[in-house]
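The sequence lines fix the lettering, A, B, ..., with proteins before strands; numbering per chain opens at 1. The figures that follow rest on heavy atoms only: side chains count, while hydrogens, waters and symmetry mates do not.
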2 protein chains.
Amino acid sequence: MPENDDTTPPLTREALTQAALRVLERDGLAGLSMRKVAAEVGVKAASLYWHVRNKQELLDLLTDAVMASAEPPPREGGWREQFHAYCSRYRRLLLDNRDAAKVVSGRLAPGPHLLAVMEDQLDRLRAAGFSDADAAMATYLLGAFVQGFVLQEQSPISAAEVLGTSRRDIADAAGDRFRSLPADTFPNLVALAGDLTEPDMDARFEFCVQRILDGLAALLPVDRR
Amino acid sequence: MPENDDTTPPLTREALTQAALRVLERDGLAGLSMRKVAAEVGVKAASLYWHVRNKQELLDLLTDAVMASAEPPPREGGWREQFHAYCSRYRRLLLDNRDAAKVVSGRLAPGPHLLAVMEDQLDRLRAAGFSDADAAMATYLLGAFVQGFVLQEQSPISAAEVLGTSRRDIADAAGDRFRSLPADTFPNLVALAGDLTEPDMDARFEFCVQRILDGLAALLPVDRR
DNA sequence: CATCACTCCCTAACGCTGTTAGGGGCCACG
DNA sequence: CGTGGCCCCTAACAGCGTTAGGGAGTGATG
């Protein structure tokens, strides 16, 4: 009798999704198993298959649940500020929810929340003066980039048997590694060791986003950039 | 007696890597197990742990093996053409080796071959007139983007219980899905259904790369773009 | 020659995974 | 009262990464 209620309400897909979200936060994507999700809702693993076709469908639900917490930036300022904010918020979202980048990039599942985001982005891009085709491509470009960036940003470093796990320490170690390469075959890596191992990922992201926004701006007539 | 030799040469990490590469090509990353790799070299699974610390180390070797087949584009024409070629070739490489994008993005393992690529890219960027910091960032940006793009490009579509698995059919189905959305809440998705589901991924990639190159070009003094 | 250390592979096992088959209470409807 | 659908169960299957411990073969050392 683990419950004080004599009957527990039947499971819903939403409850299941929320439970999976908790397990994901606690144990990460690698630790997210059907058995743990089942235990989280007080049920055995096989029972999940009544509500969900398989694990992938649960991950699809997770994807949309993550996207649900995305809220569009304020609609003020130029299109550049707005899309800069969009990118920053999307990155934040992926960073704040554990392993969200891996979950989202594992499947292209346009759930209702993602559709809403796309709709909003397209509206702003067209209002900014982008052609239909360019607007469609721009949303794709920004989405793919932010996802790729965060994935890269979060991917573990191979040589990291380093004790100090802080960004700073890792960057220092990587810098030393670059500097200790043979200078005759890798002159540029040696010379740019410091630049290559910039530990401030926010600054890196900033740079990249600004370049992409510059590239998009070049599509507009000069007076609308 | 599966061998005509009475003794087989002892395993090397290189032989093991090549075997893993074959299994990867045949069964994909999800089907790549230590047992299968062991069988591929005619050995039992536990024996692999003599040559390799764990599966992740094998994947790191795989990553560098994939990067080994990357060859830099010819050093002729402007920096734009050169880096356009770099991006296209990197994408081709990721597309041609099964699940290469997933393997590569799972770990940040700067093996010798990746170091060589970075060295070469930095050299060209500096020659083109980019500052040290900008050159370092640019390699990062291009790498992260291409990886993100291919990952997105290859991620399976959730609603694809569709029979016709061709790009064209999937795009058509997705287009129909967009068009059948309620036009009052998703006017842009409905209107741009065709543009959003452009099936020619080469064209999509082309667009994105050109935008990023435009953005990078803006860093240069006008006379060197 | 005997002994030791080292290399390289083995068997056996542990605890985990996703998924299916089949069964059994329970509740509403005819 | 019976029947059918809902919702969960137990049991099991085949596979996974990984470890412990053993046992042949080889080459150097006493």
Would you give a per-nucleotide map of nucleotides 19-26 of chain C, 5' to 3', where B means the base has a protein non-hydrogen atom under 4.0 Å away, S means only the sugar-phosphate does, and - means neither?
BB------
Which whole-number value in Å describes the distance from A:Leu58 CG to C:dG18 P?
10 Å
So that I know where these two stand, are B:Phe149 and A:Tyr140 an aromatic pair - ring centroids less than 6.0 Å apart?
yes
Residue pairs meeting ring pair (Phe, Tyr, Trp, His ring centres under 6.0 Å), one or both in residues 15-51 of chain A, sequence neighbours left out, come to none
Residue-phosphate contact under 4.0 Å: A:Trp50 side-chain N/O, D:dC8 OP1/OP2:
no
Applying side-chain hydrogen bond (donor to acceptor under 3.5 Å, both in side chains) as the test, list every pair that has at least one member in residues 18-27 of chain A; sequence neighbours left out.
A:Arg22-A:Glu40, A:Arg26-A:Glu40, A:Asp27-A:Lys36
Looking only at the side chain of A:Lys36 (C-beta and beyond, no hydrogens), which of the listed nucleotides D:dC16, C:dT17, D:dT10 gets closest?
C:dT17
Measure the CZ-SG distance between A:Arg91 and A:Cys208 for me, rounded to the nearest 0.5 Å.
10.0 Å
Using side-chain contact (heavy atoms from CB on, under 4.5 Å) as the criterion, point out the one residue from B:Leu61, B:Leu16, B:Leu62 that pairs with B:Leu21.
B:Leu62
Which of residues 14-32 of chain B sit near DNA chain C, with a heavy atom under 4.0 Å from it?
none
Are any of B:His51's side-chain N or O atoms less than 4.0 Å away from OP1 or OP2 of C:dC9?
yes
Charged N to carboxylate O under 4.0 angstrom, A:Asp200 versus A:Arg204?
no
Write down the distance between CG (B:Leu48) and P (D:dT18), rounded to a whole number of angstrom.
10 Å
Kindly compute the distance separating CD1 (B:Ile170) from OG1 (B:Thr197), expressed to the nearest 0.5 Å.
11.5 Å
Whole angstrom value for the distance that separates P of D:dC8 from CZ of A:Arg13:
14 Å
In degrees rounded to 10°, what angle is found between the helical axes fit to the five outermost pairs at each end of the helix from C:dC1-D:dG30 to C:dG30-D:dC1?
30°
B:Glu57 has an atom CD; how far is it from atom C1' of D:dT18, in whole Å?
14 Å
Quick one: is the NZ or CZ of B:Arg92 closer than 6.0 Å to the six-membered ring centre of B:Tyr90, and within 45° of its axis?
no
Report which part of the nucleic acid A:Ser33 touches: base, sugar-phosphate, or nothing (heavy-atom distance under 4.0 Å, all strands).
sugar-phosphate
Check whether any side-chain heavy atom of A:Arg177 lies under 4.5 Å from a side-chain heavy atom of A:Leu181, and answer yes or no.
no
Applying ring pair (Phe, Tyr, Trp, His ring centres under 6.0 Å), name anything that partners B:Phe186, two or more places apart in sequence or on another chain.
none
Ion pair present between A:Arg13 and A:Glu57, side-chain N to carboxylate O less than 4.0 angstrom?
yes
